[in-house]
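All values below come from the heavy atoms of this structure, side chains included, with hydrogens, waters and symmetry mates left out. Only a predicted model underlies this, so the values are computations on that prediction, with no experimental measurement involved.
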Amino acid sequence: MIGEITARDLAAWLADESRVKPLLLDVREDWEYKLCHIDGSQQMVMNLVPLRHNELPDDVPIVTICHHGVRSFQVGLYLQNAGFENVLSLRGGVDAWANDVDPAMARY
């Protein structure tokens with residue numbers, strides 16, 4: 001089963017200089033990503049992940065991100081089945097990030 005991480009825990013991880021930074025993989029549609037995203041995230045639309053997952057590094061943790069957490073959880077399961085070992089899903093997605101970490105982030 002794929003693990004989840006809260007927005008606050010992810011923010012703490014990103015701020016901790018002693019830890020390896022995860023790849024923040026945002027799987028939302030282009031218009032959603034352009035509206036708001038977590039700084040440093042990389043976009044790969046959900047339906048392209050099966051075609052392009054070989055472009056992702058397998059030596060760093062991956063945190064999948066979407067709007068509320070459903071799509072990112074599904075992508076995380078796919079990546080685990082494809083052989084990626086350290087994959088987490090952002091619980092509550094960018095909506096939780098906006099609520100708990102960055103209240104200035106645009107919402108939709």
Side-chain angles (χ1 to χ4, degrees):
M1 182 59 96
I2 183 174
E4 292 183 297
I5 188 168
T6 67
R8 287 189 179 117
D9 287 344
L10 178 58
W13 182 0
L14 295 173
D16 186 345
E17 295 297 324
S18 70
R19 295 184 69 185
V20 173
K21 299 297 181 247
L23 170 68
L24 304 177
L25 185 64
D26 194 313
V27 300
R28 295 174 299 146
E29 299 293 327
D30 291 337
W31 71 268
E32 294 175 287
Y33 186 80
K34 288 176 184 172
L35 181 64
C36 64
H37 60 271
I38 299 171
D39 288 341
S41 62
Q42 171 183 327
Q43 184 199 24
M44 185 181 291
V45 178
M46 179 182 184
N47 65 341
L48 295 179
V49 172
L51 302 172
R52 296 182 50 204
H53 71 268
N54 60 333
E55 299 172 20
L56 300 173
D58 59 4
D59 59 344
V60 297
I62 297 175
V63 176
T64 57
I65 302 165
C66 68
H67 188 199
H68 289 111
V70 176
R71 288 176 283 180
S72 60
F73 192 83
Q74 293 171 339
V75 169
L77 287 173
Y78 174 84
L79 291 174
Q80 279 189 336
N81 288 335
F84 290 85
E85 294 182 5
N86 196 354
V87 181
L88 298 169
S89 176
L90 177 58
R91 184 183 308 148
V94 293
D95 195 51
W97 185 267
N99 285 331
D100 298 341
V101 178
D102 184 4
M105 177 182 272
R107 297 170 192 237
Y108 63 102

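Under the side-chain hydrogen bond (donor to acceptor under 3.5 Å, both in side chains) criterion, Asp16 pairs with Ser18, not counting sequence neighbours. Listed by chain and residue number, nothing satisfies the side-chain hydrogen bond (donor to acceptor under 3.5 Å, both in side chains) test with Glu17 (two or more places apart in sequence, or in another chain). Legend: residues meeting side-chain contact (heavy atoms from CB on, under 4.5 Å) with Asp9, ordered by chain and number and at least two apart, are Ile5, Thr6. Judged as a ring-ring contact (aromatic ring centres under 6.0 Å, His included), and not counting sequence neighbours, the contacts of Tyr33 are His37. Taking the salt bridge (Lys or Arg N to Asp or Glu O under 4.0 Å) definition, one finds that Arg8 meets it with Asp100, sequence neighbours left out. Under the salt bridge (Lys or Arg N to Asp or Glu O under 4.0 Å) criterion, Glu85 pairs with no residue at all, not counting sequence neighbours. In this structure, the side-chain hydrogen bond (donor to acceptor under 3.5 Å, both in side chains) partners of Asp30, at least two apart in sequence or on a different chain, are Gln43. In this view, Asn99 and Asp95, Arg107 satisfy the side-chain contact (heavy atoms from CB on, under 4.5 Å) rule, not counting sequence neighbours.
For residues 88-108, the pairs satisfying ring-ring contact (aromatic ring centres under 6.0 Å, His included) are Trp31-Tyr108, His67-Tyr108, with sequence neighbours left out. The list of ring-ring contact (aromatic ring centres under 6.0 Å, His included) pairs with a residue in residues 46-66, not counting sequence neighbours, reads His53-Tyr78. Pairs engaging residues 44-55 under the salt bridge (Lys or Arg N to Asp or Glu O under 4.0 Å) rule: Arg52-Glu55 [sequence neighbours left out].
Leu56 and Leu24 are assigned to two separate hydrophobic clusters, defined by single-linkage of ILVMFWY side chains at heavy-atom distances under 4.5 Å. Using a 4.5 Å cut-off between side-chain heavy atoms of Ile, Leu, Val, Met, Phe, Trp and Tyr, with links allowed through other members, Trp13 and Phe84 fall into different hydrophobic clusters.
Counting heavy atoms of neighbouring residues, nucleotides and ligands inside a 6.0 Å radius, atom NZ of Lys21 exceeds 12 of them.
Note that CZ of Arg28 and NE2 of His68 are 10.5 Å apart. Values are rounded to the nearest 0.5 Å.
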I'd like a table of donor-acceptor pairs (distance under 3.5 Å, sequence neighbours excluded) in which one partner is a side-chain atom from residues 58-66, with atom names and distances.
from, atom 1, to, atom 2, distance (Å)
Thr64, OG1, Ser72, O, 2.8
Thr64, OG1, Leu88, O, 3.3

